[in-house]
Amino acid sequence: MSRPLPPAHFAGDPVPIARGLLGGTLVRLTPEGKRLSGRIVEIEAYDCPRDPACTAGRFHAARSADMAVAPGRWLFWTAHGHPLLQVSCRPEGIAASVLIRALEPLEGVGQMLTNRPVTRERDLTNGPAKLVYALGLNPAQIGGTAVDSTELHLLAPESPLPAHQVEVTARVGIKEGRNLPWRFVIRGNPWVSPALPSMEMTAPS
DNA sequence: ACAGTGATGTGCT
DNA sequence: GCACATCACTGTA
């Protein structure tokens, strides 16, 4: 088994970093010693300096500063009252991040269902805020900590995902910047978030 | 389809 | 200060 990805891994362009994280594992160790984990099946990149979808710079000065921390820190963006899990990228002073959007549950499914009761297990972690609730993450406690901390860390995929298994689309839930193919999904995986029809990107000819 | 959520920003007094 | 509007979402239907 590989070691947790170190903060230095995130000191660059969030787009290839997001692509490389697809198929990796998010691991959570609870204070009670329970191990919860899931395979990353959907992920997006945000790169504020060149990204019209990134509202941090234009509309959210304080949040932009929060995102411009040193690379490899856990961040929680909030949208519509829900926390979204991200990792800071690029050198300190530049707001950029990757957003983990959906997991395929691996370990601790029972605990996840306790944290977030749901009728269809399919809905347990198929959205960016859903997985935060299922893993029982407390933004106030985890926000700002290093990405390789014991309580929450990332493992790279055993081997890089072959290109034919990776679907590249526009990002979900944004207005501007839909032309940027910065969402990465494991093709055909049933655990990806419910995608809005208009969000799908036409394949290059 | 649509209400509700909460952090943040804008505009008015 | 106060009233809205906005948003990278979720829950119930």
Side-chain angles (χ1 to χ4, degrees), chain A residues 10 13-19 21-22 26 38 40-69 71 73-90 94-105 112-144 147 154 167-186 190-201:
Chain A
F10 297 88
D13 186 339
V15 177
I17 292 173
R19 165 66 176 81
L21 246 32
L22 195 66
L26 177 64
I40 297 172
V41 299
E42 178 179 351
I43 192 166
E44 289 178 355
Y46 283 83
D47 197 21
C48 296
R50 58 172 172 151
D51 187 356
C54 186
T55 51
R58 285 166 297 150
F59 304 126
H60 301 284
R63 296 159 96 180
S64 179
D66 290 345
M67 199 190 282
V69 295
R73 301 261 153 189
W74 291 116
L75 304 175
F76 290 89
W77 185 265
T78 82
H80 301 95
H82 299 284
L84 281 47
L85 181 63
Q86 305 188 318
V87 183
S88 59
C89 294
R90 294 203 179 275
I94 302 175
S97 66
V98 296
L99 163 63
I100 300 173
R101 286 194 56 89
L103 298 177
E104 174 183 339
M112 291 191 210
L113 285 166
T114 303
N115 293 339
R116 183 166 181 282
V118 80
T119 51
R120 288 161 45 214
E121 202 170 299
R122 168 101 350 138
D123 297 326
L124 185 54
T125 53
N126 64 348
K130 296 177 186 178
L131 66 92
V132 170
Y133 297 138
L135 293 176
L137 302 180
N138 178 356
Q141 181 201 332
I142 296 187
V147 78
L154 290 164
E167 188 175 0
V168 185
T169 79
R171 289 165 293 176
V172 169
I174 56 165
K175 288 187 190 164
E176 312 254 7
R178 290 202 201 157
N179 55 319
L180 298 171
W182 289 356
R183 173 172 174 254
F184 302 95
V185 179
I186 296 184
W191 297 94
V192 305
S193 70
L196 287 72
S198 58
M199 297 300 174
E200 296 304 327
M201 233 187 183

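Here is the naming used below: chain letters follow the sequence lines, and residue numbers restart at 1 for every chain.
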Starting at the 5' end of DNA chain C, what dot-bracket string do you get if Watson-Crick and G-U pairs under 3.5 Å are bracketed, crossing pairs use [ ], other-strand pairs use | and unpaired bases use dots? |||||||.||||.
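- Proximity of A:Leu85 to A:Leu135: side-chain heavy atoms (C-beta onward) are nowhere separated by under 4.5 Å.
- Protein atom CZ of A:Arg116 is 14 Å distant from nucleotide atom P of C:dC9, rounded to whole Å.
- Note on A:Arg101: a side-chain N or O is less than 4.0 Å away from OP1 or OP2 of C:dC9.
- In this entry the distance linking CH2 of A:Trp77 with C1' of C:dC7 reads 9 Å, nearest Å.
- Electrostatic pairing of A:Asp13 and A:Arg50 counts as a salt bridge here, judged by a charged N lying under 4.0 Å from a carboxylate O.
- The nearest whole Å value for the distance from the CD1 atom in A:Ile100 to the P atom in C:dC9 is 15 Å.
- Distance, A:Phe76 CZ to C:dC7 P: 23 Å, rounded to whole Å.
- Base contact: A:Tyr46 has a heavy atom under 4.0 Å from a base atom.
- Contact of the A:Leu103 side chain with the A:Ile40 side chain is registered, since non-hydrogen atoms from C-beta on lie closer than 4.5 Å.
- When the P atom of C:dC7 is taken as reference, atom CG of A:Leu84 falls 15 Å away, rounded to whole Å.
- The two residues A:Ser193 and A:Gly127 make their nearest non-hydrogen contact at CB-CA, 4.2 Å.
- Rounded to an integer number of Å, the gap from A:His80 NE2 to B:dG6 P is 13 Å.
- At whole-Å resolution of the value, CE in A:Met67 and P in C:dC7 are 15 Å apart.
- Within the 4.0 angstrom heavy-atom criterion, base atoms lie near A:Ala79.
- Counting only heavy atoms from C-beta outward, the side chains of A:Asp66 and A:Trp77 never approach each other to under 4.5 Å.
- When every heavy atom of A:Trp182 is checked against every heavy atom of A:Arg171, the shortest pair comes out as CE3-NH1, 3.6 Å.
- Residue A:Lys175 places at least one side-chain N or O closer than 4.0 Å to OP1 or OP2 of C:dC7.
- Between A:Tyr133 atom OH and C:dT10 atom C1' the separation is 8 Å, expressed in whole Å.
- Taking the side chain as every heavy atom from C-beta outward, A:Leu84 and A:Val132 never approach each other to under 4.5 Å.
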